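What follows is a set of notes on a single structure, which appears directly below.
Since this is a predicted model, take the numbers as computed values, not measurements. Residues: numbered from 1 along the sequence shown.
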Amino acid sequence: MEVEIRNGHFGYSGEEEVLTDISFRLPQAQILTILGQNGIGKTTLLKCLLGILPWKKGFTMINGERMNYKKHMGRIGYVPQAYKFVFPYSVEETVMMGLAGKIGLFSIPTSKDKEQVHSILAEVGIFHLKKRLCSQLSGGQLQLVFMARGLVKKPELMILDEPESHLDYKNQILILKMLEKLARQRGISCIINTHYPDHALRISDVTLMQRHTVSGKKAYIYGPTDKVITEENIKLFFDVESKIITIDKKDNTAVRTLVVIE
């Protein structure tokens with residue numbers, strides 16, 4: 001799925017704009033990471049892209065046509081930030097909700113539907129939790145449940161709001177590898193909000209980086225990840241001194257990583 005935002009503006013009623021003249025294009029089967037400080041509007045950008053919040057100006061394009069929530073949401077997997085889950089649903093039931101558009105609200109899941117859910121639970125590494133109530137899970141476990149729920153309907157686009165939140169280092173790497181697999185092997189486009197420039201360097205093709213300007217307005221840069229995530233831009237956008245280094249891997253490929261030096 002190809003995604004494009006054209007001249008997007010958004011502001012909550014009576015407040016200054018949160019997003020100002022945002023434009024970018026994500027080709028099919030590529031990974032876009034969105035970086036920026038807290039409160040800059042990263043989550044708001046995702047909600048506007050999805051049509052959950054209406055653009056004040058501008059619009060979202062899906063495969064060359066304007067985004068239509070009813071038409072396109074069935075092909076998009078959305079993974080929100082993992083907050084406390086208070087409803088008495090099991091992991092299995094919660095992931096099954098990702099198939100609601102296919103099954104219907106009042107229909108009984110088939111054995112094939114259950115197999116599909118169990119396959120995703122195993123892929124994400126939480127099959128052993130399938131009967132556990134989501135209200136009893138840790139934040140990291142709940143994040144993986146939301147990941148499975150987004151994946152179970154076999155989307156063409158995955159949108160993830162800080163998918164590494166609450167996860168230990170091992171599971172962070174699991175999520176990053178899974179996203180690479182989705183894009184490289186399954187042709188699924190991915191858009192990810194993250195606080196980790198190092199993760200963006202590791203997996204993303206393109207990056208959008210947001211910041212506040214001196215005047216108080218928001219600004220951004222967008223482009224190939226290796227051109228956007230530079231030592232100079234990390235200093236400009238985050239006020240952090242860093243060093244980007246290249247490490248050779250055992251398979252004769254290389255990976256770039258960011259090291260904070262202050």
Side-chain angles (χ1 to χ4, degrees), residues 1-12 17-36 40-81 95 97-105 116 120 146-163 175-176 178-194 200 203-210 218 220-225 228:
M1 180 178 284
E2 182 179 290
V3 184
E4 183 178 0
I5 289 179
R6 296 184 183 176
N7 308 113
H9 293 250
F10 180 80
Y12 293 98
E17 286 190 342
V18 178
L19 303 170
T20 302
D21 202 21
I22 295 281
S23 295
F24 67 82
R25 174 179 168 273
L26 176 65
Q28 182 177 343
Q30 289 198 4
I31 299 173
L32 163 69
T33 47
I34 301 173
L35 293 165
I40 199 67
K42 298 188 298 298
T43 297
T44 300
L45 175 56
L46 295 187
K47 290 181 178 179
C48 288
L49 186 157
L50 287 166
I52 297 172
L53 293 174
W55 289 112
K56 182 179 178 181
K57 297 179 185 177
F59 48 87
T60 302
M61 301 285 288
I62 301 291
N63 291 338
E65 62 180 0
R66 286 207 185 196
M67 167 73 176
N68 180 293
Y69 188 88
K70 291 183 179 179
K71 178 178 180 179
H72 293 115
M73 273 306 294
R75 298 152 60 191
I76 298 173
Y78 177 53
V79 182
Q81 295 180 36
V95 175
M97 292 176 189
L99 295 175
K102 170 191 169 187
I103 298 172
L105 291 176
Q116 189 170 333
I120 289 295
F146 289 162
M147 182 79 177
R149 185 179 65 183
L151 283 171
V152 73
K153 62 181 177 180
K154 299 179 180 179
E156 297 174 43
L157 169 68
M158 281 290 289
I159 296 180
L160 306 101
D161 195 357
E162 299 181 20
I175 292 296
L176 296 179
M178 188 177 301
L179 293 173
E180 283 191 293
K181 179 179 178 182
L182 293 177
R184 314 308 177 209
Q185 298 182 20
R186 300 188 190 177
I188 298 174
S189 307
C190 299
I191 299 177
I192 312 154
N193 273 351
T194 181
I203 67 168
S204 67
D205 301 290
V206 287
T207 293
L208 186 147
M209 196 180 296
Q210 297 173 268
K218 281 75 175 178
Y220 74 96
I221 53 175
Y222 168 77
T225 294
V228 171

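- Using a 4.5 Å cut-off on side-chain heavy atoms (C-beta onward), R75 and N63 make contact.
- Contact annotation: the side chain of L157 never approaches that of H72 to less than 4.5 Å [non-hydrogen atoms, C-beta and beyond].
- Not a single donor-acceptor pair under 3.5 Å links the side chain of S189 to the backbone N or O of E2.
- Listed here is the closest heavy atom pair of F24 and L49: CZ-CD1, 4.0 Å.
- Nearest approach of Q30 to D205, heavy atoms of both residues: CA-OD2, 3.2 Å.
- At a threshold of 4.5 Å between non-hydrogen side-chain atoms, the residues L19 and W55 count as touching.
- The two residues V79 and M158 have their closest heavy-atom pair at CG2-CE, 3.6 Å.
- Using modelled atom types, one finds no donor on one side chain facing an acceptor on the other under 3.5 Å when comparing T33 with T194.
- Side chain of N193 to main chain of K42: a donor-acceptor pair is present (N/O by atom type, distance under 3.5 Å, no hydrogens or angles).
- The side-chain heavy atoms of K71 and I62, taken from C-beta on, include no pair separated by under 4.5 Å.
- For N7 against S23, the heavy-atom pair with the smallest separation is N-OG, 2.8 Å.
- In this structure the side chain of Y12 reaches within 4.5 angstrom of the side chain of T44, judged on heavy atoms.
- For the pair S204 (side chain) and T225 (backbone), a donor-acceptor distance under 3.5 Å is absent.
- No side-chain heavy atom of T60 sits less than 4.5 Å from a side-chain heavy atom of E4.
- Side chains of L32 and Y222 form a contact here, defined as non-hydrogen atoms less than 4.5 Å apart.
- Of the possible donor and acceptor atoms, none in the side chain of Q210 sits under 3.5 Å from a partner among the backbone N and O of I34.
- Around NZ of K153, the count of heavy atoms belonging to other residues, nucleotides or ligands within 6.0 Å exceeds 12.
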